[in-house]
Amino acid sequence: MRTLTFVVGTGRSGSTALSGIVNAHPDVLSLNELLSSVQSRGFPEGPLGGEEFWRLLAGPNAMFERMIRSGVPMPEFLYTRRPGRFATDTTGIPALCLMVLPHLTDDPDGLFDELEKQVCRWPDRTAAEHYEALFDLLCARFGRTAVVERSGYSAERIPLLRQVFPQAHFVHLFRDGPDCALSMSRHTGFRLILLLREILARTGAERPGDLTEDQVRSLPPELSELLAERFDPALVLDRDLPLTRFGALWSELVTRGVDHLSQVPAAMRTTLAYEDLLDEPRKELTRLARFIGVEPLPQWLDAASARLDSSRRGASRRLPAAELAALREHCAPGARALAGGKD
């Protein structure tokens, strides 16, 4: 019987490395950044036909397209490293092609076409049923028995995932707060997230897509220009964003994630600390494999252990003492939440 597991967390927690490790297991279908690609629009209510469901997967992600167009792509955008027939300035890059399919195959365009032919013929059913059918199709295509989806910045989506996939299991992946916040501060996606959150806080809108013209005009130029189809990359890369703001963001995301996961039955959730993974990779990966329903194969454990890079640990300790102390203070609420929410 096929299993389904979501690896959730803040992002910048070793999750990209974990996706690569999981993908190397011969029994695991690793769906890299599927949730980030389709976002909430990918889960409409009510029945929809195969063609309509396919449009949710094939439609370009507007924010990601703006980032590419503006010269601030995220390193997670695999398709732009080895581009195929899709491009932002011509066709747009299908959401499924940007990060999901290149993680599975060296021919994402070919797999995209293969999936389109089948999915578009599917009957009317709920989004949840379509996704389950998609997982089954991909598992059959690649000969896998377990599905693991991993997206950064995903802890907020736990309630939605529980509603859509009530039988799914969850792995909460987390990292030392100051190290994670420092990594966020250097990542174009998280810098933009912080700026978009500032826009929403100033205007009271729930999502950038809900902003009215009057609300956009009320913003200072360094924020309103980020909403254009193409913006100056310096608005993201050169903006002075205090490191403590990323510490506060980490704490907020971790605290909410721990709270959401506390509502999941204990047998359907577990935790994985990035530092534990570095210290005892074979032990932690053995535990992870059994949780997601596959065997911890010795050859896989050997290869996985070799690809973990412990040099990224403790990067925040090289900060000036005062800056590190302030960062730790802003990360303290999240650290307390983790201490109280571990299995």
Side-chain angles (χ1 to χ4, degrees), residues 1-8 14-38 42 50 53-54 57-58 76 78-79 94-119 121-122 125 127-152 154 161 164-171 173 268-270 272 277 281-282 284-308:
M1 180 178 178
R2 173 182 59 76
T3 61
L4 173 62
T5 304
F6 291 97
V7 178
V8 295
S15 50
T16 300
L18 185 62
S19 274
I21 288 171
V22 168
N23 191 42
H25 194 291
D27 296 323
V28 177
L29 178 76
S30 175
L31 295 179
N32 177 61
E33 303 279 8
L34 175 62
L35 292 179
S36 296
S37 300
V38 301
F53 176 66
W54 181 250
L57 304 176
E76 291 84 356
L78 300 177
Y79 191 87
L96 202 61
C97 282
L98 192 57
M99 296 181 282
V100 182
L101 299 187
H103 185 68
L104 296 173
T105 176
D106 291 333
D107 182 19
D109 288 357
L111 182 55
F112 179 86
D113 293 341
E114 183 182 329
L115 293 174
E116 181 180 22
K117 291 177 183 177
Q118 299 188 58
V119 173
R121 297 199 300 263
W122 287 353
R125 50 190 167 192
E129 291 169 330
H130 277 298
Y131 280 109
E132 294 284 8
L134 178 65
F135 300 159
D136 288 339
L137 176 60
L138 287 170
C139 279
R141 167 69 166 74
F142 288 98
R144 309 301 170 96
T145 59
V147 175
V148 177
E149 196 284 337
R150 193 284 311 169
S151 288
S154 55
L161 294 174
V164 177
F165 306 105
Q167 303 305 316
H169 286 56
F170 292 87
V171 177
L173 176 65
M268 301 175 72
R269 58 178 162 86
T270 193
L272 179 59
L277 186 59
R282 295 182 69 89
E284 291 301 302
L285 290 173
T286 294
R287 185 172 65 86
L288 176 65
R290 289 174 175 155
F291 180 77
I292 64 180
V294 297
E295 287 297 315
L297 303 173
Q299 187 174 359
W300 173 70
L301 291 174
D302 290 341
S305 300
R307 68 189 299 168
L308 287 167

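Worth knowing before you read on, the calculation uses all heavy atoms, side chains too, and leaves out hydrogens, waters and symmetry mates.
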Output for pair (R144 CZ, F135 CZ), nearest 0.5 Å, gives 15.0 Å
Please answer whether the main-chain N or O of L34 pairs with a side-chain N or O of E149 as donor and acceptor at a distance below 3.5 Å. yes
So, taking the atom named CG in L308 and the one named CD1 in I21, what distance separates them when rounded to the nearest 0.5 Å? 4.0 Å
Minimum-distance pair of heavy atoms, taken over all atoms of S37 and M99: OG-CE, 3.7 Å
Taking side chain as C-beta onward, heavy atoms only, is L138 less than 4.5 Å from L115? yes
Side chains of E114 and K117: closer than 4.5 Å at any heavy-atom pair? no
Okay, side chain of T5, backbone of V148: is any donor-acceptor separation there less than 3.5 Å? no
One should read off an interatomic distance between W54 CH2 and F112 CZ, to the nearest 0.5 angstrom, of 4.5 Å
Of all heavy-atom pairs between C139 and R2, which one has the smallest distance, and what is that distance? SG-CD, 3.6 Å
Do L161 and F170 touch side chain to side chain, with heavy atoms closer than 4.5 Å? yes
Find out whether L78 and N32 are in side-chain contact, i.e. whether some heavy atom of one side chain is under 4.5 Å from a heavy atom of the other. yes
Would you check if the side chain of S36 reaches a backbone N or O of S151 as a donor-acceptor pair within less than 3.5 Å? no
E132 and L4: side-chain contact (heavy atoms from CB on, under 4.5 Å), yes or no, with the steps? CA-CA 9 Å; E132 294 284 8; L4 173 62; 4.3 Å; yes
Heavy atoms of L104 and F142 approach each other most closely as O-CE2, 3.7 Å
Pairwise distance CG(L301) to CD(E295) - rounded to 0.5 angstrom: 10.5 Å
Applying side-chain contact (heavy atoms from CB on, under 4.5 Å) to T286 and R290, what does each step give before you reach the verdict? CA-CA 6 Å; T286 294; R290 289 174 175 155; 3.4 Å; yes
Minimum heavy-atom separation for H103 and S30, please, with both atom names. NE2-OG, 2.9 Å
I need the L57 CG to H130 NE2 distance, nearest 0.5 Å. 9.5 Å
Sequence-distant partners of H169, side-chain hydrogen bond (donor to acceptor under 3.5 Å, both in side chains), two or more places apart: none
Given L272 and R287, is the side-chain contact (heavy atoms from CB on, under 4.5 Å) satisfied, shown in steps? CA-CA 9 Å; L272 179 59; R287 185 172 65 86; 4.0 Å; yes
side-chain contact (heavy atoms from CB on, under 4.5 Å) between R282 and D302, intermediate numbers included: CA-CA 8 Å; R282 295 182 69 89; D302 290 341; 2.4 Å; yes
Check P26 against L297 and note the closest heavy-atom contact, atom names and distance. CG-CD1, 3.5 Å
From L101, L96, D109, residue fulfilling side chain to side chain contact (heavy atoms under 4.5 Å, CB included) relative to Y79: D109
Mind checking whether V38 and Y131 have side chains closer than 4.5 Å, heavy atoms only? yes
Measuring from N23:CG to R150:CZ, what's the distance to the nearest 0.5 Å? 11.0 Å
Of all heavy-atom pairs linking S154 and V8, the shortest is OG-CA, 3.2 Å
